[in-house]
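No experiment lies behind these values; they were computed from the predicted model shown. The first residue in the sequence is number 1, and the count goes up from there.
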Amino acid sequence: KSNIPFYYNEYKSYLRSMSQNSRESVWAVSKSNIPFYRDGISQGKEEGTKWVQVDGMCDYLSVSISGTVWSIMHDKIYVRSGVTPNNEQGSSWNRVEHQFSVAKLEAGGNCLWVYARDNLMYVRTGMGYHSSNPNRIGTGWRSIQTPTSPTGVTDIALTAQDDLFVLTDDGKLFKRDGCTQNCPEGVNWAKVALPKTGGSGFLGLGSAPQVVQIGGGQEYLWATTDSHEVWRAPCVGIITERAWERIPGQKMIYVCPSMCDKEITWGINNREQMYIRTSPQVGRYEWLRQGTIFFKVVSVGVMLNYVLPSEQPRQKTIQRMLSNPAIEPDQENDLKVTDLPFEMEQSDTMSEDLLNALVIPILTREDVLRRYNYDFNTEESVLKAS
């Protein structure tokens, strides 16, 4: 059975862009409920340079693999608007409509899961990066029972593949199976084996530690225990006791792994100090302290140098004009076209790709290539292939 998520084929180019043209987006919540984002993160400098305070307050937040920032404040859900690669802190918090009281939330690549205080799980519907539905916010909610209802939920985690894991109050770990595009809530819960201490940490000897927090990453599901140990297991396929390995070094009470690098993880120790597990030397990973602010939550998403078609700014002003050889297209900022086969009012709601397919340039190929960097040869090869 394939573990590839249902939407993978529809936005695999998006994921490819994520691995090639992206950097981590790290947000955190301080002990006093103030949100921060980590500035200066780039490839080769995953730890960034400084913490930058963001307006507002929140109890908890989660960053998706598109850089969308979701937060909880007074049991209400908010989403950060205006977040771009050039403006990582965004512009404002906007309330998301819901009829339940929120306890936990986790944002993935194509979904948002919420654990509510009515002991139900809610999944956000209408989200996606499909060509037909580039929607990062979603449209509605669907609810399901928790794995061991009426037992509550301690923590939830989503991996880069949008696999949902739930840690219950009685210390059991579950994975949600059967999530599809038409059924984002899935069909059933599958129990997942927990790590066991003793020996080298993977022989299944000794007693099981109490897992108290989980975090999903690129290839691994990470966990912290009541003794502040850090563990991880491959999140693809069936997780067995033998699959878990203990991560040496600093003891942590909270971990959030990278979506870009399977080895990099951010963590908070029992003194509320922030660390990153990174590799200052090739082949050697260690925990490094990051700043002096006391934190309680950290979330790692992805800031893409990739923009959905619906979010691309209009680079040229399209003017409707009658075909007239006396009129010269001499304004560099305006793409002159002949009569368009639609009303001008419609053009504002049409995508750039559709407009490019409908308009007829009156410039020569050389002029278009020189002035607008558009190559007709590429377009012709695509048309022939189709």
Inset, instruction - Check whether any side-chain heavy atom of P195 sits under 4.5 Å from a side-chain heavy atom of R246, and report yes or no. - result: no
Legend entry - Side chain E88, main chain N86, donor-acceptor under 3.5 Å: no
Inset, instruction - State plainly whether one hydrophobic cluster holds both V79 and Y37, where clusters connect Ile, Leu, Val, Met, Phe, Trp and Tyr through side-chain heavy atoms under 4.5 angstrom apart. - result: yes
Inset, instruction - Could you tell me whether the side chain of L158 reaches within less than 4.5 Å of the side chain of C111, counting heavy atoms only? - result: yes
Legend entry - Donor-acceptor contact below 3.5 Å, side chain R277 vs main chain Y285: no
Legend entry - hydrophobic_cluster_shared for V29 and V102, side chain cutoff 4.5 Å: yes
Legend entry - Within one Ile-Leu-Val-Met-Phe-Trp-Tyr cluster: V63 and V114, side-chain cutoff 4.5 Å: yes
Inset, instruction - Identify the heavy atoms of A157 and L221 that sit nearest to each other, and give their distance. - result: CB-CD1, 4.3 Å
Legend entry - Sidechain-backbone polar pair: T49 side chain, D39 backbone, donor-acceptor under 3.5 Å: yes
Inset, instruction - Take I247 and W222 through the test side chain to side chain contact (heavy atoms under 4.5 Å, CB included) and record every step on the way to the result. - result: CA-CA 10 Å; I247 304 299; W222 293 67; 3.7 Å; yes
Inset, instruction - Could you grab the distance from atom CD1 of I264 to atom CD of E46, nearest 0.5 Å is fine? - result: 4.0 Å
Inset, instruction - Would you check, one step at a time, whether the test side chain to side chain contact (heavy atoms under 4.5 Å, CB included) holds for M274 with V298? - result: CA-CA 8 Å; M274 184 73 73; V298 60; 3.6 Å; yes
Inset, instruction - Could you tell me which residues satisfy ring-ring contact (aromatic ring centres under 6.0 Å, His included) with Y220, sequence neighbours excluded, listed by chain and number? - result: none
Inset, instruction - Indicate yes or no: at least one non-hydrogen side-chain atom of Q250 is less than 4.5 angstrom from one of E286. - result: no
Inset, instruction - State the CG-SG distance between D162 and C179, to the nearest 0.5 angstrom. - result: 8.5 Å
Legend entry - Presence of salt bridge, E263 and R232, under 4.0 angstrom: yes
Legend entry - Approximate separation, where rounding is to 0.5 Å, of Q210 CD and L167 CG: 7.5 Å
Legend entry - Hydrophobic cluster identity match, I268 and V300, side-chain contacts under 4.5 Å: yes
Inset, instruction - Spell out, as yes or no, whether a donor-acceptor pair under 3.5 Å connects the side chain of H228 to the backbone of N270. - result: no
Legend entry - Pairwise side-chain contact, Q213 with V255, heavy-atom cut-off 4.5 Å (strictly under): yes
Legend entry - Polar side-chain atom of S62 near backbone of A107 as donor-acceptor pair, under 3.5 Å: yes
Inset, instruction - Might you work through the side-chain hydrogen bond (donor to acceptor under 3.5 Å, both in side chains) test for T168 and D170, ending with a clear yes or no? - result: CA-CA 5 Å; T168 60; D170 56 358; 2.3 Å; yes
Inset, instruction - Please report the shortest heavy-atom distance between S71 and W93, naming the atom on each side. - result: OG-CZ3, 3.4 Å
Inset, instruction - State, with a plain yes or no, whether a side-chain heavy atom of W231 is found less than 4.5 Å away from one of I214. - result: no
Inset, instruction - Report the distance from atom CD of Q218 to atom CG of D261, rounding to the nearest 0.5 Å. - result: 6.5 Å
Inset, instruction - Over all heavy atoms of both residues, which pair between T292 and R289 is shortest? Give the atoms and the distance, please. - result: CA-NH2, 3.6 Å
Inset, instruction - Decide yes or no on side chain to side chain contact (heavy atoms under 4.5 Å, CB included) for F295 and E272, but give the supporting numbers first. - result: CA-CA 5 Å; F295 289 102; E272 299 168 328; 5.9 Å; no
Legend entry - Shortest non-hydrogen separation from W244 to A233 and the atoms involved: CD2-CB, 3.6 Å
Inset, instruction - Decide whether a cation-pi geometry holds between R176 and W189; the criteria are a distance under 6.0 Å from NZ or CZ to the six-membered ring centre and an angle within 45° of the ring axis. - result: yes
Inset, instruction - Provide the closest heavy-atom pair for L120 versus Q145 in the form atom of the first, atom of the second, distance. - result: CD2-NE2, 3.6 Å
Legend entry - Verdict with reasoning, W141 to V96, per side chain to side chain contact (heavy atoms under 4.5 Å, CB included): CA-CA 11 Å; W141 299 97; V96 178; 4.2 Å; yes
Donor-acceptor contacts under 3.5 Å from residues 51-61 side chains, at least two apart:
unit_1: W51; atom_1: NE1; unit_2: Q290; atom_2: O; d: 3.2
unit_1: D55; atom_1: OD1; unit_2: R80; atom_2: NH1; d: 3.2
unit_1: D55; atom_1: OD1; unit_2: R80; atom_2: NH2; d: 2.6
unit_1: D55; atom_1: OD2; unit_2: R80; atom_2: NH1; d: 3.3
unit_1: D59; atom_1: OD1; unit_2: N33; atom_2: ND2; d: 3.4
unit_1: D59; atom_1: OD2; unit_2: H74; atom_2: N; d: 3.1
unit_1: Y60; atom_1: OH; unit_2: E106; atom_2: OE1; d: 3.4
unit_1: Y60; atom_1: OH; unit_2: Y254; atom_2: OH; d: 3.3

Inset, instruction - Check whether any side-chain heavy atom of E24 sits under 4.5 Å from a side-chain heavy atom of W266, and report yes or no. - result: yes
Legend entry - From OG1 (T151) to CG (N119), nearest 0.5 Å: 8.0 Å
Legend entry - NZ (K191) with more than 12 external heavy atoms under 6.0 Å: no
Legend entry - Nearest-0.5 Å distance that lies between atom NZ in K104 and atom CZ in R117: 10.0 Å
Legend entry - same_hphob_cluster(I276, W287) at 4.5 Å side-chain heavy-atom cutoff: no
Legend entry - Heavy-atom side-chain proximity of D155 to F165 below 4.5 angstrom: no
Inset, instruction - Taking the side chain as every heavy atom from C-beta outward, state whether V212 and I253 have any pair of such atoms under 4.5 Å apart. - result: no
Inset, instruction - Taking all heavy atoms of G82 and all of N87, pick out the closest pair and write down the distance. - result: O-ND2, 3.3 Å
